[in-house]
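Below: the structure, in C-alpha cells.
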There are 2 protein chains.
Amino acid sequence: MDAAGRLFAAKGFEEANVREICRAAGVNIAAVRHHFGSKEGLYRAVVVRSHKGFLEQEPFPKFEAGDDPAVALERAIEQMLRIMLVRRGAHPYAGQLISRELRSPTAVLDELVENVMKPLRCELERIVAALLGGANSPRLRGQCANFVIGLCVFHDLGKEALKRFGYPPPERAADVPKLAGLITKFALSGIVGFAARG
Amino acid sequence: MDAAGRLFAAKGFEEANVREICRAAGVNIAAVRHHFGSKEGLYRAVVVRSHKGFLEQEPFPKFEAGDDPAVALERAIEQMLRIMLVRRGAHPYAGQLISRELRSPTAVLDELVENVMKPLRCELERIVAALLGGANSPRLRGQCANFVIGLCVFHDLGKEALKRFGYPPPERAADVPKLAGLITKFALSGIVGFAARG
DNA sequence: AAGGAATTCAAACACGTGTTTGAGATATGA
DNA sequence: TCATATCTCAAACACGTGTTTGAATTCCTT
C-alpha cells in the first residue's frame with residue numbers, strides 16, 4: 001500500500017500500473033486481486049488509509065471564538081499549501097491524491113469530499129464568517145471559502161503553467177510561508193472588501 | 001479535426017482514442033497516420049488550429065490608458081470564465097483544451113503557454129498595474145495576475161468538487177456574469193489592498 | 001506432526017490501444 | 001487516355017493493460 005500510494009500520487013490512477021506497483025512492493029501481481037479485489041479496490045484502500053491517517057496526525061487548526069480570524073486564515077492557507085505542495089514525512093502523498101482527484105475525479109472523489117474536504121472547508125467558512133462580520137450571508141461565506149481554496153489549489157493544479165510564467169510554486173516547507181502570506185493578504189482584503197460594501 | 005477536437009476536449013489526449021475519433025469523423029483509421037503522422041500529430045494540429053482561430057475571433061480586450069481598470073478587470077474575468085466554462089459557437093473546445101493542458105500537461109503545453117496564455121496574462125498584468133498604482137512592482141503585479149487567473153481557472157479545474165460543495169460553476173453564458181462580478185469584487189479588493197499597504 | 005485454510009507465485013488470458021501494411025480507389029496532369 | 005501521385009480502406013500487428021488461473025508454498029490450528 002505504501003508503494004501503491006507513492007505511485008498513484010505520482011502518476012494518477014490510470015497511468016500507474018499494477019505491475020510496477022507490485023515490483024516496487026516486492027510482491028506478486030496476484031496479491032492485489034487477493035487482498036483488494038482489483039486495481040480500483042487497491043486505489044480506494046490507499047486513498048482511505050492515507051486520508052484517515054492524515055486527518056489524525058495533521059488535524060486542521062480549530063478556529064475558536066476569540067481567535068484572530070486573520071491569523072487563523074493565514075494558518076489555514078499555509079497548511080493547505082503545505083499539504084499539496086510539500087511531501088510530508090507522515091503522509092507524503094495524501095495531499096497529492098486529493099489534488100489528483102480534483103483534476104480527474106474517480107469514484108473515490110465523493111468520499112474524499114465528504115470526509116476530508118468538507119470538514120476543512122467548513123472550518124474555513126467559520127473563519128470567513130468572522131471576517132465578513134455584518135455582511136455574513138451563507139452564500140457569500142461559501143463563495144469566499146471557495147475563492148480561498150481556489151487560490152491555494154491553483155498553485156498545485158496550475159503548477160506547470162506557473163513555472164512557465166516564472167512563478168514556480170514552492171516545493172520546500174520553508175518556502176511556503178512567503179506565498180501563504182501573499183495569498184492571505186490578497187484574500188483578506190478580498191473578504192473584508194465584501195464586508196465593507198455589505 | 002472537428003471530431004478530434006471535440007473528443008480531445010471532452011476526454012483528454014490519453015482517454016480519447018483514434019478509432020472513436022475516426023468513427024465520429026466518418027473516415028478510416030489510417031487517415032490520421034497519412035495526414036498527421038500519429039495520434040500526437042493530430043492532437044497538436046487540433047490544438048494549434050483551435051487556438052489560432054480562437055485568438056483571431058475572440059481577441060482578449062485590449063486595456064488602453066485611460067480605461068477604468070476595474071471594469072477592464074471584470075471584462076477579463078468574464079471572458080476567461082466564458083472561455084473555459086461555456087462552449088462557444090466558433091471554437092467550442094479551445095478553452096477546454098487549454099484547461100486540459102493545465103491539468104495534465106503534454107508536449108503542446110509550452111506552445112499554448114507561449115501563444116495563448118502569456119499574451120492573455122500580459123494584458124491582465126497591465127490592468128493589475130493600473131490598480132496597484134504606487135505599490136506596483138513587477139513581482140507583485142505578476143503574483144496578482146496569477147491569483148486572478150487561479151480564481152478563474154479553479155472554477156473549471158475544481159468543477160466536480162465545487163458541485164459537491166453546492167456551488168456548481170455556471171455552464172450557460174447568461175450565468176457567467178454573476179460569478180464574474182463576485183470574483184471581480186474579491187480580486188479588486190485583494191489588489192487594491194496591496195496598493196493601500198504598499 | 002498433520003490437516004486445512006490462507007497466501008503467494010509464474011504464467012497465461014482477454015481486451016484495448018496506437019500503429020502498420022499492402023492492396024484498392026480516386027484524383028491529377030500530360 | 002494513360003501513368004503517376006495521392007488518398008482510402010479493411011485487416012492485421014505489436015504491445016501494454018488489468019485480470020484470472022491452478023499449482024506451490026506458508027501459516028495456523030488441532
Side-chain angles (χ1 to χ4, degrees), chain A residues 1-51 93 96-112 160, chain B residues 1-51 93 96-112 160:
Chain A
M1 285 180 73
D2 282 333
R6 191 158 16 91
L7 285 166
F8 278 138
K11 303 187 159 193
F13 176 73
E14 297 289 347
E15 280 68 23
N17 73 68
V18 180
R19 280 174 175 79
E20 188 177 355
I21 292 173
C22 289
R23 205 184 318 129
V27 303
N28 188 273
I29 315 172
V32 354
R33 169 180 160 84
H34 191 267
H35 290 284
F36 305 101
S38 67
K39 180 189 182 183
E40 190 179 325
L42 170 60
Y43 179 67
R44 173 170 238 104
V46 164
V47 171
V48 168
R49 188 192 73 151
S50 169
H51 87 242
Y93 38 74
Q96 287 167 57
L97 289 174
I98 294 178
S99 172
R100 285 220 166 263
E101 279 297 319
L102 285 180
R103 264 179 284 191
S104 24
T106 72
V108 254
L109 176 58
D110 290 292
E111 191 168 357
L112 225 42
E160 288 308 316
Chain B
M1 285 180 74
D2 282 332
R6 193 158 13 94
L7 285 165
F8 279 138
K11 303 186 159 192
F13 175 74
E14 296 288 349
E15 282 68 23
N17 73 68
V18 180
R19 280 174 177 80
E20 189 177 353
I21 291 173
C22 290
R23 205 183 319 129
V27 303
N28 188 272
I29 315 172
V32 353
R33 169 179 160 83
H34 191 266
H35 290 283
F36 305 100
S38 67
K39 179 188 182 184
E40 191 179 326
L42 171 59
Y43 179 67
R44 174 171 238 103
V46 164
V47 170
V48 168
R49 189 192 71 151
S50 169
H51 87 244
Y93 38 75
Q96 287 168 58
L97 289 173
I98 294 177
S99 171
R100 284 220 166 265
E101 278 298 319
L102 285 179
R103 266 180 281 193
S104 24
T106 73
V108 254
L109 175 59
D110 290 293
E111 191 170 354
L112 225 41
E160 290 305 317

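- Contact between the side-chain N/O atoms of A/Arg33 and the OP1/OP2 oxygens of D/dT19 is not found at any separation under 4.0 Å.
- Residue A/Ile29 contributes atom CD1, which lies 12 Å from atom C1' of C/dC13 at whole-angstrom precision.
- Here D/dG18 presents its P atom at 12 Å from CZ of A/Arg23, a figure rounded to the nearest Å.
- C/dC15 atom P lies 20 Å from atom CG of A/Asn17, rounded to whole Å.
- Nucleotides of DNA chain C nearest to A/Gly26 and B/Lys39 differ in position, and the one nearer the 5' end is that of A/Gly26.
- Looking at heavy atoms from C-beta onward, A/Thr106 lies in side-chain contact with A/Glu101 at the 4.5 angstrom threshold.
- Within the nucleic acid shown, B/Ala31 has no heavy atom closer than 4.0 Å to any nucleic acid atom.
- With rounding to whole Å, A/Leu42 atom CG is found 10 Å from D/dT19 atom P.
- Within the 4.5 Å cutoff, the side chain of B/Leu42 has no heavy atoms near those of the B/Val18 side chain.
- Distances were taken from every side-chain heavy atom of B/Ser38 (C-beta onward) to each of D/dT20, D/dT19, C/dT19; the shortest belongs to C/dT19.
- Separating the NE2 atom of B/His35 from the C1' atom of C/dT20 is a distance of 16 Å, rounded to the nearest angstrom.
- The listed nucleotides are D/dT8, D/dT21, D/dT17; the one nearest the side chain of B/Asn28 is D/dT8.
- Distance CZ (A/Phe36) to P (C/dT7): 12 Å, rounded to an integer number of Å.
- A distance of 10.5 Å separates OG of B/Ser99 from CG of B/Leu112, quoted to the nearest 0.5 Å.
- Residues A/Val47 and A/Phe8 have side chains not in contact (no heavy-atom distance under 4.5 Å, counting atoms from C-beta outward).
- Atom-to-atom, CD of A/Glu14 to P of D/dG16 comes out at 18 Å; the value is rounded to the nearest Å.
- Side-chain N or O atoms of B/Arg100 include one that pairs as donor or acceptor with a backbone N or O of B/Ala10 at under 3.5 Å.
- The side chain of A/Ala30 sits closest to D/dT20 out of D/dT20, D/dC9, D/dG18.
- Which of D/dA12, D/dT19, C/dT8 sits closest to the side chain of B/Arg19 comes down to D/dA12.
- Rounded to an integer number of Å, the gap from A/Glu15 CD to D/dG18 P is 10 Å.
- The listed nucleotides are C/dC9, C/dT21, C/dT7; the one nearest the side chain of A/His34 is C/dT7.
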